[in-house]
There are 2 protein chains.
Amino acid sequence: MNRVRIVVVDDHALFRRGLISLLEEMPEFHVVGEAANGQEALTVIERARPDIILLDINMPVLDGLQTLAAIRKKDSAQKVLMLTISQNDDDLIGAIVAGANGYVLKNAEPEMLKNTILQVYSGNSVLSPEVTARVLQAVRRSQNDRNRGLLSEREIEVLKCLARGQTTAQIASVLFISENTVKTHIRHILEKMEVNNRAEAVAKAAQMDLL
Amino acid sequence: MNRVRIVVVDDHALFRRGLISLLEEMPEFHVVGEAANGQEALTVIERARPDIILLDINMPVLDGLQTLAAIRKKDSAQKVLMLTISQNDDDLIGAIVAGANGYVLKNAEPEMLKNTILQVYSGNSVLSPEVTARVLQAVRRSQNDRNRGLLSEREIEVLKCLARGQTTAQIASVLFISENTVKTHIRHILEKMEVNNRAEAVAKAAQMDLL
DNA sequence: TGTAAGGGTGATGAAGAAATCACCCGCTTT
DNA sequence: AAAGCGGGTGATTTCTTCATCACCCTTACA
């Protein structure tokens with residue numbers, strides 16, 4: 001197998017040199033370029049045509065996220081692995097949205113880093129376990145956001161009553177509205193949740209945890 | 001260090017037994033219970049009080065996602081690692097939303113599985129590299145969804161013109177509206193995007209990829 | 001067979017968002 | 001000082017969504 005061609009981008013010269021020697025010790029890899037900031041990186045990448053770019057986030061001139069965006073604009077298939085100390089949510093989510101193929105912390109073990117690079121090279125994505133929880137949290141939040149706004153507040157009230165097994169008439173008296181209104185709310189709930197009857201709506205609502 | 005107490009839930013008896021002997025061979029782990037479906041699992045968990053539950057998704061009676069939801073309802077801190085062959089998006093995202101602490105494929109290497117369990121035990125989350133890309137994709141989609149709906153269609157039109165460097169007057173003539181209207185649209189754009197001027201708005205829009 | 005319950009359709013007033021425009025201010029350039 | 005441009009404030013019209021209600025249909029069952 002051919003060696004994986006790598007470009008290392010990091011403003012910390014010491015770290016960059018250390019990382020490069022580490023990679024060069026591994027027979028799988030070959031470092032074909034390095035840069036101390038995003039601006040330089042774009043030039044180096046243009047010339048070196050690497051398989052993978054290891055990209056720091058905190059950098060002067062052009063930071064990692066802007067650099068990533070610029071890279072993506074030119075080549076949507078270029079593999080980019082963020083390698084940073086930042087566990088900041090904005091950096092993390094920002095990198096993902098900008099199209100990073102992975103996000104690993106600088107304190108990763110060499111063996112771990114090697115596996116990560118090979119995974120990314122083979123087309124997969126990798127996250128450090130330390131940041132994976134935050135990503136999952138982001139997924140949960142966004143799914144909840146998707147649910148929020150789907151139903152109006154009143155409709156959720158009605159849905160809660162439904163979940164308690166109340167009939168149309170009971171709900172009407174509890175909420176001080178007419179039975180007709182309750183039925184209309186339920187109709188809208190069924191439409192919005194894309195279900196066919198009350199029971200199914202309650203089941204789905206329980207699953208979406210909006211009771 | 002104490003051994004990590006594990007419960008294995010999988011309807012495939014052969015796989016379950018194999019997994020259990022594998023785990024028992026490792027000094028770090030101790031399997032304190034097993035179950036062939038979600039229903040059984042809930043009982044077993046109640047009794048065995050494991051540190052971690054390895055949970056399959058495709059199961060009869062009560063599937064893995066429903067089981068996970070039930071577990072979370074009782075104990076929001078219980079660590080649950082999904083261990084499945086399913087690369088289905090609904091299963092994956094569903095598991096995350098339901099609160100899984102990890103999602104790994106059954107074809108994982110023993111050494112890999114061991115590391116994963118230890119990571120989850122120590123409070124982190126883990127995804128198989130094979131599914132990580134899909135999760136990142138989901139994050140990107142949901143962030144885009146968050147952007148959609150932020151600006152009205154008309155406002156996005158104005159924003160596109162701004163990005164082309166057009167002045168208020170030029171935009172007005174292109175869109176067949178008065179300059180005042182253009183200014184108002186721009187004002188709303190600035191407010192909604194939480195930026196202070198046109199240039200910043202364009203930069204942020206480019207970053208959010210809504211041009 | 002009539003009555004209760006789930007489900008479907010149409011309609012209306014109130015509230016809020018969207019799109020439009022007029023007018024004002026401050027800075028820069030000429 | 002006049003003109004051009006970016007930016008701020010108020011006001012109007014239109015459209016959509018929400019919450020409300022009336023009326024009709026089908027099924028089950030007493």
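Chain letters run A, B, ... following the sequence lines, proteins first, then strands; residues in each count from 1.
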**Student:** Mind calculating the distance between CD (Gln170(A)) and P (dA4(C)) to the nearest angstrom?
**Tutor:** 14 Å
**Student:** Figure out the CG/P separation between Asn197(A) and dA5(C), and round it to whole Å.
**Tutor:** 17 Å
**Student:** Are Lys204(A) and Glu194(A) ion-paired here, with the side-chain N under 4.0 Å from a carboxylate O?
**Tutor:** no
**Student:** Closer than 4.0 angstrom, basic N to acidic O: yes or no for Asp89(A) and Arg134(A)?
**Tutor:** yes
**Student:** In Å and rounded to the nearest 0.5 Å, what is the CD1 to CE distance from Ile117(A) to Met112(A)?
**Tutor:** 11.0 Å
**Student:** Please determine whether a side-chain nitrogen of the Lys or Arg among Arg154(A) and Glu157(A) lies less than 4.0 Å from a carboxylate oxygen of the Asp or Glu.
**Tutor:** yes
**Student:** Are OP1 or OP2 of dA5(C) and a side-chain N or O of Thr167(A) less than 4.0 angstrom apart?
**Tutor:** no
**Student:** For residues Asp63(B) and Gln66(B), report the shortest heavy-atom separation together with the two atoms involved.
**Tutor:** OD1-N, 2.9 Å
**Student:** May I have the distance from Asn196(B) (atom CG) to dG8(D) (atom C1'), rounded to whole angstrom?
**Tutor:** 13 Å
**Student:** With DNA chain D as reference, determine whether Ala169(B) or Leu190(B) sits nearer its 5' end, using the nearest nucleotide of each.
**Tutor:** Ala169(B)
**Student:** Could you run down nucleotides 17-30 of chain C 5' to 3' and tag each one B, S or - for protein heavy-atom contact under 4.0 Å?
**Tutor:** -SSBBBB-------
**Student:** Tell me whether the NZ or CZ atom of Lys106(A) lies within the 45° cone about the ring axis of Phe15(A) and under 6.0 Å from its centre.
**Tutor:** yes
